[in-house]
S.K.: 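Before anything else, here's the structure in question.
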Amino acid sequence: QVQLMESGGGQVQPGESLRLSCAASGNFFRIDSMGWYRQAPGKERELVALKSRVDDTTYGHSVKGRVTISRDDAKNTAYLQMDMLNFDDTAVYYCYAVIRPHAATNTALAYWGQGTQVTVYS
């Protein structure tokens, strides 16, 4: 059973920074892509950042230039450094990963974490 565990959410003031972590656990062959989506109240879930195992990186347009995603594949962990946070960044941030369970197949499965709250307040 694969699980994604997020940490690092919290409450900050505008202009401050946060670093989120997401660790994958369980039995699997390889993590193909790993990153974050977020969902604010009343809005659809949107991409924040996604990084493939070959370092292809995609950032959401609303956060580009203010966030940096990195991966430590030895620890099955991804990190999201968020700087210059503003009120629009308030949301639940969900870790997302595409994981290949077995080396013998090309099948990959998508997993979601339970989410961590980020609140920007004045």
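Throughout, residue positions are numbered sequentially from 1 according to the sequence presented.
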S.K.: Other residues, nucleotides and ligands only: do more than 12 of their heavy atoms fall within 6.0 Å of CD on Gln114?
M.R.: no
S.K.: For residues Arg66 and Leu85, report the shortest heavy-atom separation together with the two atoms involved.
M.R.: NH1-CA, 3.9 Å
S.K.: Quick one: closest heavy-atom pair of Leu50 and Leu47, and the distance?
M.R.: CB-CD1, 4.0 Å
S.K.: Would you say Tyr93 and Met34 are hydrophobically clustered, going by side-chain heavy atoms of ILVMFWY under 4.5 Å?
M.R.: no
S.K.: Specify the closest pair of heavy atoms between Ala108 and Pro101, including all atoms of both residues, with the distance to one decimal.
M.R.: CA-CD, 4.4 Å
S.K.: Just by distance, no angles: are the side chains of Ser62 and Arg38 close enough, under 3.5 Å, to form a donor-acceptor pair?
M.R.: yes
S.K.: May I ask you to decide if Gly115's main-chain N or O and Glu6's side chain share a donor-acceptor pair within less than 3.5 Å?
M.R.: yes
S.K.: Look at the side-chain heavy atoms of Ile, Leu, Val, Met, Phe, Trp and Tyr, link any pair under 4.5 Å apart, and say whether Leu4 and Leu109 land in one connected group.
M.R.: yes
S.K.: Going only through I, L, V, M, F, W and Y residues with side-chain contacts under 4.5 Å, is there a path from Val92 to Tyr79?
M.R.: no
S.K.: Does atom CD of Gln1 have more than 12 heavy-atom neighbours from other groups under 6.0 Å away?
M.R.: no
S.K.: Kindly indicate whether the side chain of Pro14, heavy atoms from C-beta on, has any atom under 4.5 Å from the side chain of Tyr121.
M.R.: no
S.K.: With heavy-atom distances below 4.5 Å as the criterion, would you say the side chains of Ile31 and Val98 are in contact?
M.R.: no
S.K.: Can you tell me which residue pairs pass the salt bridge (Lys or Arg N to Asp or Glu O under 4.0 Å) test with a partner in residues 8-31, sequence neighbours excluded?
M.R.: Arg30-Asp32
S.K.: Might you work through the side-chain contact (heavy atoms from CB on, under 4.5 Å) test for Tyr111 and Ile99, ending with a clear yes or no?
M.R.: CA-CA 8 Å; Tyr111 295 88; Ile99 294 176; 4.0 Å; yes
S.K.: Val63, Leu18: one ILVMFWY side-chain cluster at the under-4.5 Å cut-off?
M.R.: yes
S.K.: Between Arg100 and Asn106, is there a side-chain heavy-atom distance shorter than 4.5 Å?
M.R.: yes
S.K.: Checking side-chain polar atoms at under 3.5 Å, does Asp83 have a donor or acceptor matched by the opposite partner on Ser17?
M.R.: yes
S.K.: Checking side-chain contact (heavy atoms from CB on, under 4.5 Å) for the pair Asp56/Lys51: CA distance, chi angles, key distance, verdict?
M.R.: CA-CA 6 Å; Asp56 290 332; Lys51 193 173 189 68; over 6 Å; no
S.K.: Please, which pairs that meet ring pair (Phe, Tyr, Trp, His ring centres under 6.0 Å) have at least one residue in residues 27-48, sequence neighbours excluded?
M.R.: Tyr37-Tyr96, Tyr37-Trp112
S.K.: Before accepting this row, confirm whether a basic side-chain N of the pair Asp55/Arg71 lies closer than 4.0 Å to the acidic partner's carboxylate O.
M.R.: no
S.K.: Any heavy-atom pair between the side chains of Val118 and Met82 that's under 4.5 Å?
M.R.: yes
S.K.: Look at the side-chain heavy atoms of Ile, Leu, Val, Met, Phe, Trp and Tyr, link any pair under 4.5 Å apart, and say whether Leu20 and Val12 land in one connected group.
M.R.: yes
S.K.: For the backbone of Val120 and the side chain of Thr90, can you confirm whether one donor and one acceptor N or O come within less than 3.5 Å of each other?
M.R.: yes
